[in-house]
Number of protein chains: 2
Amino acid sequence: MNMTPVTGDVRQRILNTGQVIIGGKGFSAVGLNEILKAAEVPKGSFYHYFSSKEAFGEALLEDYFSDYLAQTEERLTQPGASHAERLLSYWAHWRDTQHHCDPSGKCLAVKLAAEVSDLSERMRRVLQHGTERIIARLAQSIEAAAADGSLPQSVNIHGSALELATTLYQLWLGASLRAKITRDRVPLDAALKATYALLNLDPNLSLTQERTQS
Amino acid sequence: MNMTPVTGDVRQRILNTGQVIIGGKGFSAVGLNEILKAAEVPKGSFYHYFSSKEAFGEALLEDYFSDYLAQTEERLTQPGASHAERLLSYWAHWRDTQHHCDPSGKCLAVKLAAEVSDLSERMRRVLQHGTERIIARLAQSIEAAAADGSLPQSVNIHGSALELATTLYQLWLGASLRAKITRDRVPLDAALKATYALLNLDPNLSLTQERTQS
DNA sequence: CGCCTGATTAGACCAGTCGTCTATAAGGGG
DNA sequence: CCCCTTATAGACGACTGGTCTAATCAGGCG
């Protein structure tokens, strides 16, 4: 009766391998054949699950953001830490996952935004919605951090939490983009430092190194 | 005897039309045919001027950064303004040129960085060198602005001018990337505001609107 | 004028693109 | 047992991709 688990098996495998390959080479540069061969899925099946390459791209982005948001939610609610600490843990994790070249850890938003937003209106909208939700989630934590006192009150002078979250997210987007160019972590370290500055935090507040809760 | 102007005529035309088209659609998504037809250059000629599409991409980026740096140099040395004003004029100009969809005003660094840096090591290096030069030029102006007193002295607390320039450039890179997603100027306005904050400047210091020198 | 040399172009080439289409296989329900 | 929907399988079409060889052209010199 519930048919999605059955179809979802193959469909999800296409999405997963597609995410790795497209996350590495981009959208236009990758052909369906390459993905399908890697996923060991015949071509005929592809068009059973997706009506076109563009529709597949949409599903890919939706799937990606869905996972990413769940993962972020978990990180921003980990127990035994203040909201500010959780936020810093989020960005420290971003830095640690983006600087080395883990193929499956690539951020699709960074990789595909520029290429895809001029190519497909539908994919652009998925990107827009996804990034908006991430920023909104960050803003929520920023507000909570201001409320629980783990952020200096002077932060709110700069504007609303949503604005601050927007700025910080874009800062990290740009840092990740430049890290792709330089292939080192310098851009991300600069972003982390700027994050401390924009949040009016003491730069030596530790947590620059990611750590599990003790 | 000087043959480059003759060959350069066709070569440059390929580069110019290529910049517009690739700046709009990306690198992999555009075929040589499209560029050459638009430039009214026969296909066979292409490989007389460029040894491959990748080599063309390199030349394209070099040409772009060369123009961009010259334009930036001019803006950062315009007479009758303090160094801080010139810097703010630079970013205000960035905002004004990126938010609307002028096809030839597209920033190739934003458009191509993610796509190309994993695709071609040679193109990646051109991007790296180009962005490094821009950042270095910005750092030079930041230092000058600190020296002539048009920036608050408190700015230097955050670190060296090069670090600050790196952060600001990446901030704008990310803002432009997100502006491609949202198709409005909100991300760029946020970046301008954050720029004021990172430079410890009064947000109401005018110059948020671009203006010609009076 | 005739020839030669190098710059320029025309178009063939094949691998690869997305997407379509027919044919087969699997899995229940009646 | 048949039927019907869902899913798999991959050949095929029309087309475009980047690349390269072979022909053309321009023009200076003998």
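Heavy atoms only: backbone and side chains are in, while hydrogens, waters and symmetry mates are out. Within every chain, numbering begins at 1; the chains are lettered A, B, ... in the order of the sequence lines, protein sequences first and strands thereafter.
The distance between atom NE2 of A:His48 and atom P of C:dA25, rounded to the nearest whole Å, is 18 Å. Protein atom NZ of B:Lys37 is 15 Å distant from nucleotide atom P of C:dA10, rounded to whole Å. With rounding to whole Å, B:Arg13 atom CZ is found 13 Å from C:dT8 atom C1'. Rounded to a whole Å, the CZ atom of A:Phe46 is 20 Å from the P atom of D:dT6. In this entry the distance linking CD of A:Gln12 with C1' of D:dA7 reads 17 Å, nearest Å. The distance between atom CG of B:Leu119 and atom P of D:dG18, rounded to the nearest whole Å, is 12 Å. Summarising the geometry, the separation between CZ on B:Arg11 and C1' on C:dT9 is reported as 18 Å, rounded to the nearest angstrom.
The closest donor-acceptor contact from the side chain of A:Arg13 to the backbone of A:Ala39 lies under 3.5 Å.
Axis angle across the helix from C:dC1-D:dG30 to C:dG30-D:dC1, with five pairs used at each end and values rounded to 10°: 30°.
Inspection of the A:Gln128 and A:Arg124 side chains reveals an N or O donor paired with an N or O acceptor under 3.5 Å.
In this structure, B:Lys106 is not positioned above the aromatic face of B:Tyr64 in the sense of NZ or CZ being under 6.0 Å from the six-membered ring centre and within 45° of the axis.
Sorted by first then second residue, the salt bridge (charged side-chain N to carboxylate O under 4.0 Å, His left out) pairs that include residues 134-145 of chain A, not counting sequence neighbours, are A:Glu73-A:Arg137. Under the salt bridge (charged side-chain N to carboxylate O under 4.0 Å, His left out) criterion, the residue pairs touching residues 32-43 of chain A are A:Lys25-A:Glu34, with sequence neighbours excluded.
Contact check for A:Tyr68 versus A:Leu108: no side-chain heavy atoms found under the 4.5 Å cut-off.
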Between protein and nucleotides 10-15 of chain D, what N or O pairs are separated by less than 3.5 Å?
from	atom 1	to	atom 2	distance (Å)
D:dG10	N7	A:Gly44	N	3.2

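Remark: A:Tyr47 is not in phosphate contact with C:dC21, judged by side-chain N or O atoms under 4.0 Å from OP1 or OP2.
Across all non-hydrogen atoms, the minimal contact from A:Lys111 to B:Ala114 is NZ-O, 2.8 Å. The nearest pair of heavy atoms linking A:Phe27 to A:Gly57 is CE1-CA, 3.9 Å. Between A:Arg183 and B:Ser117, the shortest heavy-atom distance links the atoms NH2-O, 2.9 Å.
Residue B:Arg125 qualifies as open at atom CZ: its count of foreign heavy atoms under 6.0 Å is 12 or below.
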Can you list, pair by pair, the side-chain donor-acceptor contacts under 3.5 Å of residues 165-178 of chain A, counting residues two or more places apart and other chains?
from	atom 1	to	atom 2	distance (Å)
A:Thr166	OG1	A:Leu162	O	2.8
A:Thr167	OG1	A:Glu163	O	3.2
A:Gln170	OE1	B:Arg178	NE	3.1
A:Gln170	NE2	B:Pro187	O	3.1
A:Trp172	NE1	A:Thr195	OG1	2.9
A:Ser176	OG	A:Trp94	NE1	2.8
A:Ser176	OG	A:Trp172	O	2.9
A:Arg178	NE	B:Gln170	OE1	3.1
A:Arg178	NH1	B:Thr131	OG1	3.3

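Residues from residues 29-36 of chain B lying near DNA chain C, meaning a heavy-atom separation below 4.0 Å, are absent.
Nearest-nucleotide positions on DNA chain C for B:Val41 and A:Phe27 put B:Val41 closer to the 5' end.
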